[in-house]
Amino acid sequence: MKKVSKKAKIIFAIISLIIVVGIAITLTVGLNYDLRFQETKKVELYLQKEFEVSDIKQITNETIPNQDVIIQKVEVYEDTVSVIAKDITEEQKTNLITKINEKYGTELSADSIQITKVPNTRGRDILKPYIAPFAIATIIILAYMAIRYYKLSSSKVVLKTILILIIAQALLLSLIAITRMPVGRLTMPMSVTVYILTLVALTSEFEKQLESKKEKE
């Protein structure tokens, strides 16, 4: 029992340290958001013809080097290209348009095309669509656990479930902050996966405790 207790204390200490460091990094440096959620600059070019994203990507590699760039087809007929980067200078815009004119035989004018500033997306705005579904699902699950494991004390089961769910999500967020993993499209699926795995582990533990209690009775 002493070995298990010591191991549990070490694990708890490591988790606590990771969460504290993660919170400190989040409050001071902030999270590393994916380019789609950062403050960026955008140029939209109406080519009036079909184009390949790979060709535009090659051009942006030459005209906007050493940057992550998002290239999207827009409009109904997909004849307009949107180029998004962390920063686009007037010179880069001019070079981009010149190269595209050469590639597609278009007559785009750099003077008539503006660089648009795109504001960053706040973390709360990313989370907003998921708050209600998460809250409803959690309430239903906690109600089920309170009924299912009433012999183990419903209040203890509910409190333990809430606490461990919070710790698991805090640990995930801390690891994302420490490793500087970009916060983007994969973040919420990761959070949901951790949420489900945590519930599976808790349910398994409660089932064992319930079975053991029934055997004693």
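Sequence positions, counted from 1, serve as the residue numbers for this chain.
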*Asks:* Any side-chain heavy-atom pair from M181 and L175 closer than 4.5 angstrom?
*Replies:*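 Not in contact.
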*Asks:* Nearest 0.5 angstrom please: I164 CD1 to T198 OG1, how far?
*Replies:*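 So the gap between those two atoms works out to 8.5 Å.
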*Asks:* Say whether, by atom type as modelled, one donor and one acceptor occur between the side chain of S16 and the main chain of F12 under 3.5 angstrom.
*Replies:*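 Yes, the answer is positive, given that a donor and an acceptor are paired below the 3.5 Å cut-off.
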*Asks:* Taking Y104's backbone N and O only, do any of them form a donor-acceptor pair with K49's side chain (distance below 3.5 Å, no angle check)?
*Replies:* yes
*Asks:* Report, as yes or no, whether the 6.0 Å neighbourhood of atom CZ on R180 holds more than 12 heavy atoms from other residues, nucleotides or ligands.
*Replies:* yes
*Asks:* I'd like to check T203 versus Y144 (side-chain heavy atoms, cut-off strictly below 4.5 Å). Are they in contact?
*Replies:*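 When only atoms from C-beta onward are counted, Y144 and T203 do not touch, as no gap falls below 4.5 Å.
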*Asks:* Please tell me if the side chains of R148 and E207 come closer than 4.5 Å, counting only heavy atoms from C-beta onward.
*Replies:* yes
*Asks:* How long is the span from the CG atom in N95 to the OG1 atom in T63, to the nearest 0.5 Å?
*Replies:*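 One finds 6.5 Å between CG of N95 and OG1 of T63.
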*Asks:* Would a distance-only check, ignoring hydrogens and angles, find a side-chain to backbone donor-acceptor pair under 3.5 Å from Q67 to D87?
*Replies:*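 It does hold such a pair.
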*Asks:* What's the shortest heavy-atom distance between E107 and N101, and which atoms?
*Replies:* N-OD1, 3.6 Å
*Asks:* Measuring only between side-chain heavy atoms, which start at C-beta, is K151 closer than 4.5 Å to L210?
*Replies:*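 Contact flag for K151/L210 side chains = yes.
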*Asks:* In terms of hydrophobic clusters joined by side-chain contacts under 4.5 Å, are L31 and M190 together?
*Replies:*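 L31 and M190: one cluster.
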*Asks:* One pair to check against side-chain contact (heavy atoms from CB on, under 4.5 Å): N120 and Y33. What are the steps and the verdict?
*Replies:* CA-CA 9 Å; N120 67 299; Y33 286 93; over 6 Å; no
*Asks:* Hey, are E102 and K99 close enough for a salt bridge, meaning a charged N less than 4.0 Å from a carboxylate O?
*Replies:* no
*Asks:* For the CD atom on Q209, are there more than 12 heavy atoms of other groups (residues, nucleotides or ligands in this structure) within a distance under 6.0 Å?
*Replies:*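 Count over threshold, so yes.
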*Asks:* Are K160 and E205 close enough, and set up right, to give a side-chain contact (heavy atoms from CB on, under 4.5 Å), and what steps lead you there?
*Replies:* CA-CA 11 Å; K160 184 175 181 179; E205 181 188 340; 2.5 Å; yes
*Asks:* Could you state whether I167 and I176 fall into the same hydrophobic cluster, counting links through intermediate Ile, Leu, Val, Met, Phe, Trp or Tyr residues with side-chain heavy atoms under 4.5 angstrom apart?
*Replies:* no
*Asks:* Do you know the tightest heavy-atom contact between V157 and M145?
*Replies:*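 In this case the closest contact between V157 and M145 is CG1-CB, 4.0 Å.
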*Asks:* Taking the side chain as every heavy atom from C-beta outward, state whether L45 and L96 have any pair of such atoms under 4.5 Å apart.
*Replies:* yes
*Asks:* Hey, are the side chains of D34 and R185 touching, using non-hydrogen atoms and a 4.5 Å cut-off?
*Replies:*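 D34 does not reach R185 side chain to side chain.
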*Asks:* Measuring from I84:CD1 to Q72:CD, what's the distance to the nearest 0.5 Å?
*Replies:*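 Spacing of CD1 (I84) from CD (Q72) equals 5.0 Å.
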*Asks:* Identify, with sequence neighbours excluded, every residue that meets ring pair (Phe, Tyr, Trp, His ring centres under 6.0 Å) alongside F206.
*Replies:* Y149
*Asks:* Should I162 and L197 be regarded as members of a common hydrophobic cluster, given that ILVMFWY residues are connected when their side-chain heavy atoms come within less than 4.5 Å of each other, either directly or indirectly?
*Replies:* no
*Asks:* Between L127 and I136, is there a shared hydrophobic cluster once you connect ILVMFWY residues whose side-chain heavy atoms come closer than 4.5 Å?
*Replies:* no
*Asks:* Any chain of hydrophobic side-chain contacts (each under 4.5 Å) joining L202 to V194?
*Replies:* no
*Asks:* Which pair of non-hydrogen atoms, one from T26 and one from A177, has the smallest distance, and what is that distance?
*Replies:* OG1-CB, 3.6 Å
*Asks:* Can you name the closest pair of heavy atoms from L108 and I97 and give their distance?
*Replies:* O-CG2, 3.5 Å
*Asks:* Working to the nearest 0.5 angstrom, can you tell me the gap between I147 CD1 and L142 CG?
*Replies:* 11.0 Å
*Asks:* Between the side chain of S204 and the main-chain N/O of V200, is any donor-acceptor distance below 3.5 Å?
*Replies:* no
*Asks:* Taking Q38's backbone N and O only, do any of them form a donor-acceptor pair with K86's side chain (distance below 3.5 Å, no angle check)?
*Replies:* no
*Asks:* Atom CD1 in I166, atom CG in L171: separation rounded to 0.5 Å?
*Replies:*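 Here the interatomic distance stands at 13.5 Å.
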*Asks:* Side-chain contact test, heavy atoms from C-beta onward, threshold under 4.5 Å: evaluate it for F37 versus V183 and give yes or no.
*Replies:*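 No, every pair of side-chain atoms sits at 4.5 Å or beyond.
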*Asks:* Might you point out which heavy atoms bring S174 and I19 nearest each other, and give the distance in Å?
*Replies:*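 The answer is OG-CA, 3.2 Å.
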*Asks:* Find the distance between CG (L165) and OG1 (T161) and round it off to the nearest 0.5 Å.
*Replies:*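 Going from CG on L165 over to OG1 on T161, the span is 6.5 Å.
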*Asks:* Heavy-atom count around D68 CG within 6.0 Å, excluding the residue itself: above 12?
*Replies:* no
*Asks:* Before giving the answer on side-chain contact (heavy atoms from CB on, under 4.5 Å), spell out for T106 and Q48 the whole-Å C-alpha distance, their side-chain angles and the decisive distance to 0.1 Å.
*Replies:* CA-CA 8 Å; T106 51; Q48 302 182 46; over 6 Å; no
*Asks:* Just checking E62: does its CD atom have more than 12 heavy atoms from other residues, nucleotides or ligands closer to it than 6.0 angstrom?
*Replies:*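 Atom CD in E62 is packed in, count exceeds 12.
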*Asks:* Checking side-chain contact (heavy atoms from CB on, under 4.5 Å) between I196 and each of T193, V192, L199, which is the one that passes?
*Replies:* V192
*Asks:* Can you tell if the side chain of L47 reaches within under 4.5 Å of the side chain of D79, non-hydrogen atoms only?
*Replies:* no
*Asks:* For a quick test of reading the model, state the closest non-hydrogen atom pair linking K93 to I88 and the distance between them.
*Replies:*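 Shortest heavy-atom contact: N-CG2, 4.1 Å.
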*Asks:* Quick check: does any side chain N or O of K73 sit under 3.5 Å from a backbone N or O of V53, one acting as donor and the other as acceptor?
*Replies:*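 Judged by distance alone, no pair lies under 3.5 Å.
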